[in-house]
Amino acid sequence: MTSIAIVGSGLIGRAWATVFASHGCSVALHDVVPGAAEAARAHIGTNLEELAGHGLVENPKGSLARIRVARDLADVLTGADLVQENGPETVAAKQQLFAEMDALCPPSTILASSTSFIMASVFSETLAGRARCLVAHPVNPPHLVPIVELAPAPWTDPAVVERAKAIYEQAGQVPIVLRKEKPGFVLNRLQAVLLAEAFRIVGEGVASAEDVDKTIRDGLGLRWSFMGPFETIELNAPGGIPDYCARYSASLDAMVRSSEGLGNPFDAATVETVMSEWRGAQSPDRVKRLSDWRDTRLAALQAHKRGSQRKPG
């Protein structure tokens, strides 16, 4: 049984524990906040029952039984094949935590961070065991959106990356491997471009924020739920990707260039424009209620995708 240590039991840590435990792994939870790991385990039990209701988990009680709460950092790391770190999103916090874990873990343990933006080279450079460190960036929530970005440092052992990839695949995830480090990795870089253009469109008065959302939700998002951008354009011209680029590259390039030099699209004035017509108070209660709705819809979509046939070659 693969043994997983979850360091940090907040939103992402809980989801990772759900992922690994529901796929047969032994999971240990640790959090520096007293009582947080115990509360997380109870929350995970609810997650597992809800996933079982969608047919995504076969044995929720058995999965929960594979999760234990560790006494401290040394205890959670004991016997771990892979450590999934979910600590504060600061360079200093990552450096300190990885130094502690590197000192406590045997050389065979993989040390992975869930960080969204900090590259592995930044927090692992001075470590004796830096060759077993990498980023394993999930998408929120990891137990419902299976992509995980594996971003090694220049000195990360390729064999470690392959072992990590196999563990995530065993846990039902869809890992991608970055061939070199890039700030923001892949998903956040793609997301940032789309967000920037969405804010510009609203800020310039081209369309409302609600209509921009409709364009993704009822347009691009329908295709993107089962196709990537290259797969999409392959089908948008008779001769596939080269034909698409020959037909539309000049127009696309001109459009992109017209947005260059426009400054920060997330400035206060644009945010104010977005919020002036946005529905609902921006409160923790609203965010929690909508997050629960999102997770239910994602679970249903994931169940549908699992039952669908793969595309023809």
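Note: hydrogens, waters and symmetry copies are ignored here, and every other heavy atom, side chains too, is used.
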Heavy-atom donor-acceptor pair, N188 side chain to S116 backbone, under 3.5 Å
yes

Compare every heavy atom of T270 with every heavy atom of F199, then report the nearest pair and how far apart it is.
O-CG2, 3.3 Å

Tell me the closest heavy-atom pair linking F98 and A112, and the distance in Å.
CZ-C, 4.0 Å

Given side chains that start at C-beta, do those of V57 and S63 come closer than 4.5 Å, heavy atoms only?
yes

Would you indicate whether the side-chain heavy atoms of T2 and I4 approach each other to under 4.5 Å?
yes

Hey, does L82 have a side-chain heavy atom less than 4.5 Å from the side chain of T109?
no

Spatial distance of atom CG (D102) from atom SG (C133) [nearest 0.5 Å]:
5.5 Å

Residues N140 and I12: closest non-hydrogen pair is OD1-CD1, 3.9 Å

side-chain contact (heavy atoms from CB on, under 4.5 Å) between L150 and I176: does it pass, once the steps are laid out?
CA-CA 6 Å; L150 304 185; I176 68 164; over 6 Å; no

For A246, is there any backbone N or O sitting under 3.5 Å from a side-chain donor or acceptor partner on S249?
no

Without hydrogens or angle criteria, can the side chains of E277 and S208 be said to hold a donor-acceptor pair below 3.5 Å?
no

Apply salt bridge (Lys or Arg N to Asp or Glu O under 4.0 Å) to residues R289 and D285 and explain how you reach the verdict.
CA-CA 6 Å; R289 185 171 66 254; D285 287 345; over 6 Å; no

Got Y244 and F230 here, is their nearest side-chain heavy-atom distance under 4.5 Å?
no

State, yes or no, whether a side-chain contact exists between V271 and D267 at a heavy-atom distance under 4.5 Å.
no

Would a 4.5 Å heavy-atom cut-off, applied to side chains only, mark T156 and R132 as touching?
no

Donor-acceptor check, side chain of Q173 to backbone of P138, threshold 3.5 angstrom: yes or no?
no

More than 12 heavy atoms from other groups under 6.0 Å of CZ on R179:
no

same_hphob_cluster(L97, L104) at 4.5 Å side-chain heavy-atom cutoff:
yes

Backbone N or O of A40 within a donor-acceptor pair of the R14 side chain at under 3.5 Å?
no

Any idea which heavy atoms bring V212 and A207 closest together, and the distance?
CG2-CB, 4.4 Å

Cut-off 3.5 Å, side chains only: do E85 and S114 have a donor facing an acceptor?
no

Shared ILVMFWY cluster between V83 and V69, side chains joined below 4.5 angstrom?
no

May I have the step-by-step check of side-chain contact (heavy atoms from CB on, under 4.5 Å) for E50 and L56, ending in yes or no?
CA-CA 9 Å; E50 290 176 352; L56 298 175; over 6 Å; no

Would you confirm whether E169, through its side chain, and P175, through its main-chain N or O, come within 3.5 Å as a donor-acceptor pair?
no

CE of M119 to CG of L134: how many Å apart, nearest 0.5 Å?
14.0 Å

Linking I/L/V/M/F/W/Y whenever any side-chain heavy atoms sit under 4.5 Å apart, do M1 and V19 land together?
no

Closest non-hydrogen atoms of C25 and Q170, given as atom of the first, atom of the second and distance, are SG-NE2, 3.8 Å

Should I67 and T18 count as side-chain neighbours, where that means a heavy-atom distance under 4.5 Å?
no

Would you call D211 and K214 a salt bridge, using N to O less than 4.0 angstrom?
yes

Inspect the contact between D292 and K288 and indicate whether a charged nitrogen and a carboxylate oxygen are less than 4.0 angstrom apart.
yes

Take E49 and K61 through the test salt bridge (Lys or Arg N to Asp or Glu O under 4.0 Å) and record every step on the way to the result.
CA-CA 8 Å; E49 293 292 346; K61 289 183 172 56; 3.5 Å; yes

Below 4.0 angstrom, N of the basic side chain to O of the carboxylate: do R41 and E38 qualify?
no

Taking C-beta and beyond as the side chain, do E100 and L73 meet within less than 4.5 Å on heavy atoms?
yes

For residues 139-167, pull every pair meeting salt bridge (charged side-chain N to carboxylate O under 4.0 Å, His left out), keeping only residues two or more places apart or in separate chains.
none

Can you tell me if H143 uses its side chain to pair, donor with acceptor, with the backbone of A15 under 3.5 Å?
no

Same cluster (ILVMFWY, side-chain, under 4.5 Å), I118 and L11:
no

Distance check, rounded to the nearest 0.5 Å: R247 atom CZ versus L252 atom CG?
13.0 Å

Test D31 against L29 for side-chain contact (heavy atoms from CB on, under 4.5 Å), laying out the working first.
CA-CA 7 Å; D31 201 292; L29 276 177; over 6 Å; no

Would you say F226 and L301 are hydrophobically clustered, going by side-chain heavy atoms of ILVMFWY under 4.5 Å?
no

Any chance you could measure D295, atom CG, to L290, atom CG, to the nearest 0.5 Å?
11.0 Å

With side chain to side chain donor-acceptor pair (under 3.5 Å) as the rule and sequence neighbours excluded, what pairs involving residues 69-81 come up?
R68-D75

List the atom of I44, the atom of A17, and the distance in Å for their closest heavy-atom pair.
CD1-CB, 3.5 Å

Decide side-chain contact (heavy atoms from CB on, under 4.5 Å) for V135 and F123; before the verdict, give the C-alpha distance in whole Å, the side-chain angles of both, and the deciding distance to 0.1 Å.
CA-CA 10 Å; V135 166; F123 57 77; 4.1 Å; yes

Ignoring hydrogens and angles, tell me if any N or O in the side chain of Q302 forms a donor-acceptor pair with the backbone of P146 under 3.5 Å.
no

Does Q95 reach the main-chain N or O of T126 with its side chain, forming a donor-acceptor pair under 3.5 Å?
no

Could you list the residues that satisfy salt bridge (Lys or Arg N to Asp or Glu O under 4.0 Å) with D218, not counting sequence neighbours?
none

Report the distance from atom CG of L48 to atom CG of N59, rounding to the nearest 0.5 Å.
9.5 Å

Distance-only, no hydrogens or angles: does the K305 side chain make a donor-acceptor pair with backbone N or O of S225 under 3.5 Å?
yes

Counting only N and O atoms by type, is there a donor-acceptor contact under 3.5 Å from the side chain of R66 to the main-chain atoms of S22?
no

Distance-only polar pair, side chains of S121 and W155, donor-acceptor under 3.5 Å
no

Value rounded to 0.5 Å, distance of CD in E181 from CZ in F185
7.5 Å

